[in-house]
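Hydrogens, waters and symmetry mates are skipped; everything else that's a heavy atom, side chains included, is used. Along the sequence shown, residues carry numbers from 1.
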Amino acid sequence: MIQIDALPAFSDNYIWLLQDTAKRRCAVVDPGDAAPVQAWLAANPGWVLEDILITHHHHDHVGGVEALKHATGARVCGPAQERIPARDLALDDGDQVKVLGLDFDIIAVPGHTLGHIAYYSAPLLFCGDTLFAAGCGRLFEGTPEQMHQSLSRLAALPTETRVYCTHEYTLSNLRFAKAVEPENLHVAQRFADVTRLRGEDRISLPSTIGLERLTNPFLRTAETSVKQKADEWKGHSNTSQASVFAALRSWKDTF
């Protein structure tokens, strides 16, 4: 039985902590800061940090890796196409890695960065900064076509897939989703739900792929209403789903 908790870091990051409660061993995803993980280990003596899973090279995801590796000897797994500090195992699309007894499939999801990967073991998805709750990552390195393809791969996962992204951006993303689809009742309901959660200082994650398909404009580029809004924003007709995505992303960048 794996328990998953979020360790807050910086202003809006989450470091995901996977716990094998029977064997008192754990793993973390994207520890941009070592301190929250070290504090948890200090408060839970006898637990062993076995693995550190990295989705991409940005500092707020890898900043704590070397300190944790030095302190615990944990195996560091990360994308083969990026420079990851202290990496022991390089992973690429189609690879598989066993973590706490779970077999994770590696899905290449370029866009936010070129070498970005996601870890999937049904029903768990750790997707870094590619897919957010009601949003997606900025295109720092990849193209709109790459990001659209990456998001399409994730959207094709089963509806019950639990989406563990790494930032608390849900409320601001839903504000944008409301602008794109003001008549979408699922977006309106989710906005109300998340507004309540955040008002109580509670986490809005994980999401599910099913919920994202209903409320995330970046996964809804085939919807006529979404295309119409993207066309309005650009002032011309977007002839492909990738160009609809590109229009939405440029709109969100200035929203």
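Contact between Ala133 and Glu212 at its shortest, heavy atoms only, is CA-OE2, 3.5 Å. Among all heavy-atom pairs drawn from Val65 and Ala86, the shortest one is CG1-CB, 4.3 Å. The two residues Ile54 and Pro31 make their nearest non-hydrogen contact at CD1-CD, 3.7 Å. Contact detail for Ile2 and Leu18: the closest heavy-atom pair is CG2-CB, 4.1 Å. The two residues Cys127 and His116 make their nearest non-hydrogen contact at O-CE1, 3.3 Å. Nearest heavy-atom pair, Pro144 versus Ala246, reported as atom, atom and distance to 0.1 Å: CB-CB, 3.6 Å.
The CG atom of Asp231 lies 4.5 Å from the OG atom of Ser237; values are rounded to the nearest 0.5 Å. A distance of 6.5 Å separates SG in Cys165 from CZ in Phe132, rounded to the nearest 0.5 Å. Interatomic distance, Leu49 CG to Gln19 CD, rounded to the nearest 0.5 Å: 11.0 Å. Distance check: Tyr169 OH to Thr166 OG1 gives 8.0 Å after rounding to the nearest 0.5 Å. Rounded to the nearest 0.5 Å, atoms OG (Ser207) and OH (Tyr164) are 11.0 Å apart. Rounding to the nearest 0.5 Å places CG of Asn238 at 14.0 Å from NZ of Lys229.
Remark: side-chain polar atoms of Arg198 are paired, donor with acceptor, to backbone N or O of Arg202 under 3.5 angstrom. Under the 3.5 Å distance criterion, the side-chain polar atoms of Lys234 are left unmatched by any main-chain donor or acceptor of Ala247. Under a 3.5 Å cut-off, the side chain of Asn184 and the backbone N or O of Leu214 do form a donor-acceptor pair. No donor-acceptor distance shorter than 3.5 angstrom exists from the side chain of Ser121 to the backbone of Leu124, with no hydrogens or angles considered. Here the side chain of Arg87 pairs a donor or acceptor atom with the backbone of Pro79 at under 3.5 angstrom. Put simply, the side chain of Asp30 gets close to the backbone of Thr55: a donor and an acceptor are under 3.5 Å apart. No donor-acceptor pair under 3.5 Å is formed between the side chain of Asn44 and the backbone N or O of Trp47.
Residues Ile52 and Leu68 meet the side-chain proximity criterion, which asks for heavy atoms closer than 4.5 Å. Counting only heavy atoms from C-beta outward, the side chains of Cys26 and Trp40 approach each other to under 4.5 Å.
Hydrophobic side-chain contacts under 4.5 Å tie Met147 into a cluster, directly or through other members, with Ile107, Val109, Tyr120, Leu125, Leu131, Leu139, Leu151, Leu154, Leu157, Val163, Phe176, Val180, Ile209, Phe218, Leu219, Val226, Trp233, Val244, Phe245, Leu248, Trp251, Phe255.
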TODO: List the steps and the verdict of side-chain contact (heavy atoms from CB on, under 4.5 Å) for Ser204 and Glu168.
DONE: CA-CA 7 Å; Ser204 68; Glu168 185 58 75; 2.5 Å; yes
Open item on the list: Between Val29 and Ile15, is the side-chain contact (heavy atoms from CB on, under 4.5 Å) condition met? List the steps.
Closed with: CA-CA 6 Å; Val29 182; Ile15 300 167; 6.0 Å; no
TODO: Report the C-alpha distance between His112 and Phe140 in whole Å, list the side-chain angles of each, state the deciding distance to 0.1 Å, and finish with yes or no for side-chain contact (heavy atoms from CB on, under 4.5 Å).
DONE: CA-CA 5 Å; His112 182 68; Phe140 287 116; 3.3 Å; yes
Open item on the list: Between Gln189 and His186, does the side-chain contact (heavy atoms from CB on, under 4.5 Å) criterion hold? Intermediate values first, please.
Closed with: CA-CA 5 Å; Gln189 183 61 57; His186 298 289; 5.9 Å; no
TODO: Starting from the C-alpha separation in whole Å, work towards a yes-or-no answer on salt bridge (charged side-chain N to carboxylate O under 4.0 Å, His left out) for Arg75 and Asp88.
DONE: CA-CA 6 Å; Arg75 178 180 62 166; Asp88 299 299; over 6 Å; no
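Applying side chain to side chain donor-acceptor pair (under 3.5 Å) to Thr113 and the options Glu82, His57, His61 leaves one that passes, Glu82. With Tyr119 as reference, Leu91 is the one residue of Asp105, Leu102, Leu91 to meet the side chain to side chain contact (heavy atoms under 4.5 Å, CB included) rule. If you run salt bridge (charged side-chain N to carboxylate O under 4.0 Å, His left out) between Glu50 and each of Arg24, Arg25, Lys23, only Arg25 comes through.
The aromatic rings of His56 and His58 sit perpendicular to each other, their planes meeting at more than 60°, with 30° as the lower class boundary.
At a threshold of 4.5 Å between side-chain heavy atoms, the hydrophobic network of Ile, Leu, Val, Met, Phe, Trp and Tyr places Leu114 and Ile117 in two separate groups. By the criterion of side-chain heavy atoms lying less than 4.5 angstrom apart, applied directly or through intervening Ile, Leu, Val, Met, Phe, Trp or Tyr residues, Val62 is grouped together with Val76 in one hydrophobic cluster. Linking Ile, Leu, Val, Met, Phe, Trp and Tyr whenever their side-chain heavy atoms come within less than 4.5 Å puts Ile106 and Leu89 in one cluster. Phe126 and Val99 fall within a single hydrophobic cluster, where Ile, Leu, Val, Met, Phe, Trp and Tyr are joined by side-chain heavy atoms under 4.5 Å apart, directly or via other members.
Within 6.0 Å of the NE2 atom in His236, the count of heavy atoms belonging to other residues, nucleotides or ligands exceeds 12. Annotation for Glu183: atom CD does not count as buried by contact number, only 12 or fewer foreign heavy atoms lying within 6.0 Å.
At a cut-off of 3.5 Å, with distance as the only test, a side-chain donor of Arg190 or Thr215 sits close to an acceptor on the other residue.
Every side-chain contact (heavy atoms from CB on, under 4.5 Å) that Pro110 has, sequence neighbours left out, goes to Ala108, Gln146, Ser150.
Salt bridge annotation for Asp129-Arg138: absent, with no cationic side-chain nitrogen under 4.0 angstrom from a carboxylate oxygen.
Remark: Lys178 qualifies as a cation-pi partner of Phe191 under the 6.0 Å distance and 45° angle criteria applied to the six-membered ring.
Aromatic ring centres of Tyr14 and His167 lie farther apart than the 6.0 Å criterion allows.
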